[in-house]
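So the structure is just underneath, and the comments pick up after that.
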Amino acid sequence: RGVPLEQTLRTIASTVEDHFPRLTCAISLLDAGGATLRTGAAPTLGARLADAIDGLPLGPSSGSAGTAAFRREPVYVDDIAHDELWAGLRDVALGHGITACWSTPIFGSDGHTVLGTLDVYARETRTPDTEHVQIFSLPAHLASIAIERKEFEDRLAHQSMHDPLTGLPNRLLFLDRLALAVARCRRAHTEVAVLFCDLDRFKNVNESGGHGAGDELLVTAARRLESLLRPGDSVARFGGDEFAILCEDLPVSTAREDALDI
C-alpha cells in the first residue's frame with residue numbers, strides 16, 4: 001500500500017507476536033555498508049536490548065542475528081545463558097528475561113543477497129518446532145518484498161534528482177534547494193550567492209579524445225568543485241558542461257566578496 005517501511009516492518013513483527021503470543025519479534029536491516037545490522041522494527045522488545053542489538057556487526061559469533069546474516073542460514077540459540085554466540089550480549093538479554101533467540105536471514109529476490117534478519121526471542125530455553133520454522137519463512141519473505149520496494153523507490157528518487165554521470169544534484173534538485181535557501185536567508189537576514197560556470201573548449205575535448213574523455217573531465221571537474229565548497233553549500237550539474245553553485249548564509253556586507261573568493 002506504499003506505507004513507510006518502518007510501519008510495514010512493525011506490522012510484520014506484530015503479526016508474528018499475535019500468532020505466537022509468548023514470543024517477541026524484531027526485524028533487523030543490513031546497513032548500506034553491509035557490515036552491521038540496524039533495528040528496523042522491535043515493537044515490544046525491551047529498550048536496553050533493542051539498543052544493544054542496534055548496530056550488531058556481522059560475524060561468526062555475533063549473537064543470533066549477526067551470525068545468521070554472516071552464515072546466510074538460520075541460527076537458533078536455545079540457551080543464551082550458555083551459548084558463546086551471545087557472550088557479549090548475554091547479560092542484557094537475560095536481564096530482560098530473554099533466554100532464547102532464533103534468527104532467520106531475510107534474502108533478496110535473487111535468493112542470495114542478505115537484506116536483514118527476522119529475530120524471534122523467547123523467555124524459555126527451547127528451539128523452534130516445525131510450525132515455527134514454517135511460519136517464520138512467511139514474514140521473512142514479506143519483509144524482503146517491503147525492503148526491496150523501499151530500496152527501489154529510493155533509487156528512483158535519487159535518479160530523478162541527480163545527474164547520472166557525476167552524481168551531483170541536477171537542475172531540479174538545485175532549484176528546490178535554492179528556493180529553500182532564499183526562504184532561510186530572508187528569515188536570517190543573510191544572502192545567498194548563485195554562481196554559474198562551464199568548461200571552456202569542452203567540445204574540443206569530446207572531438208579530440210572522444211566522449212569517454214569528456215565524461216572523465218566532467219567527473220573530475222565535479223569532484224574538484226565539491227572539494228572547494230563549505231559544508232552546507234551545493235554544486236549541481238545543469239547539463240552539458242554547465243555547473244551551478246549555491247552558497248548559503250553569507251553576511252549581507254560580504255556576500256559578493258565571499259562568492260568571488262569561492
- Task: Using the side chain to side chain donor-acceptor pair (under 3.5 Å) rule, pick out the option among E226, E248, R177 that qualifies with S234.
- Result: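 Of the listed options, the one satisfying the test is R177.
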Could you tell me whether the side chains of [X] and [Y] share a donor-acceptor contact shorter than 3.5 Å?
X	Y	answer
T166	R237	no
S109	E148	yes
D119	S103	yes

- Task: Kindly determine whether I245 and L228 satisfy side chain to side chain contact (heavy atoms under 4.5 Å, CB included), including the steps that lead there.
- Result: CA-CA 10 Å; I245 300 170; L228 296 173; over 6 Å; no
- Task: Using a cut-off of 6.0 Å, state whether more than 12 heavy atoms not belonging to H141 lie near its atom NE2.
- Result: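 No, NE2 of H141 has 12 or fewer neighbouring heavy atoms, counting only those of other groups under 6.0 Å.
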- Show your working on side chain to side chain contact (heavy atoms under 4.5 Å, CB included) between F107 and L115 and close with a plain yes or no. CA-CA 6 Å; F107 290 105; L115 304 177; over 6 Å; no
- Query: Nearest heavy-atom pair of A193 and L250: which atoms, and what distance?
  - Reply: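 Nearest heavy atoms, A193 then L250: CB-CD1, 3.5 Å.
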- Query: Is there a side-chain hydrogen bond (donor to acceptor under 3.5 Å, both in side chains) between R184 and T190 once you walk through the steps?
  - Reply: CA-CA 8 Å; R184 284 193 292 265; T190 58; over 6 Å; no
- Steps toward side chain to side chain contact (heavy atoms under 4.5 Å, CB included) verdict (L45, I53): CA-CA 11 Å; L45 194 64; I53 64 173; 3.8 Å; yes
- For the pair V77 and W86, evaluate side chain to side chain contact (heavy atoms under 4.5 Å, CB included) and give the outcome as yes or no after the intermediate values. CA-CA 9 Å; V77 173; W86 276 81; 3.9 Å; yes
- Message: Using the ring centroid of each side chain, check whether H132 and F20 are separated by less than 6.0 Å.
- Response: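 Yes.
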- Examine F238 together with F243 and report whether their ring centres are nearer than 6.0 Å.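 When the ring centroids of F238 and F243 are compared, they turn out to be at least 6.0 Å apart.
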- Message: Which label fits Y76 and W102: parallel for a plane angle under 30°, tilted from 30 to 60°, or perpendicular past 60°?
- Response: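 Rings of Y76 and W102: perpendicular, as their planes differ by over 60°.
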- Could you state whether L173 and L180 fall into the same hydrophobic cluster, counting links through intermediate Ile, Leu, Val, Met, Phe, Trp or Tyr residues with side-chain heavy atoms under 4.5 angstrom apart?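 In one cluster with L173: L180, no.
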- Would you please test K150 and E153 for salt bridge (Lys or Arg N to Asp or Glu O under 4.0 Å) and show each step? CA-CA 5 Å; K150 179 61 164 58; E153 291 173 344; over 6 Å; no
- Say whether, by atom type as modelled, one donor and one acceptor occur between the side chain of T15 and the main chain of T11 under 3.5 angstrom.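 Yes, the answer is positive, given that a donor and an acceptor are paired below the 3.5 Å cut-off.
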- Just grab all the salt bridge (charged side-chain N to carboxylate O under 4.0 Å, His left out) pairs involving residues 20-49, residues at least two apart or on different chains.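 Sorted pair list: R22-E124, R38-D54.
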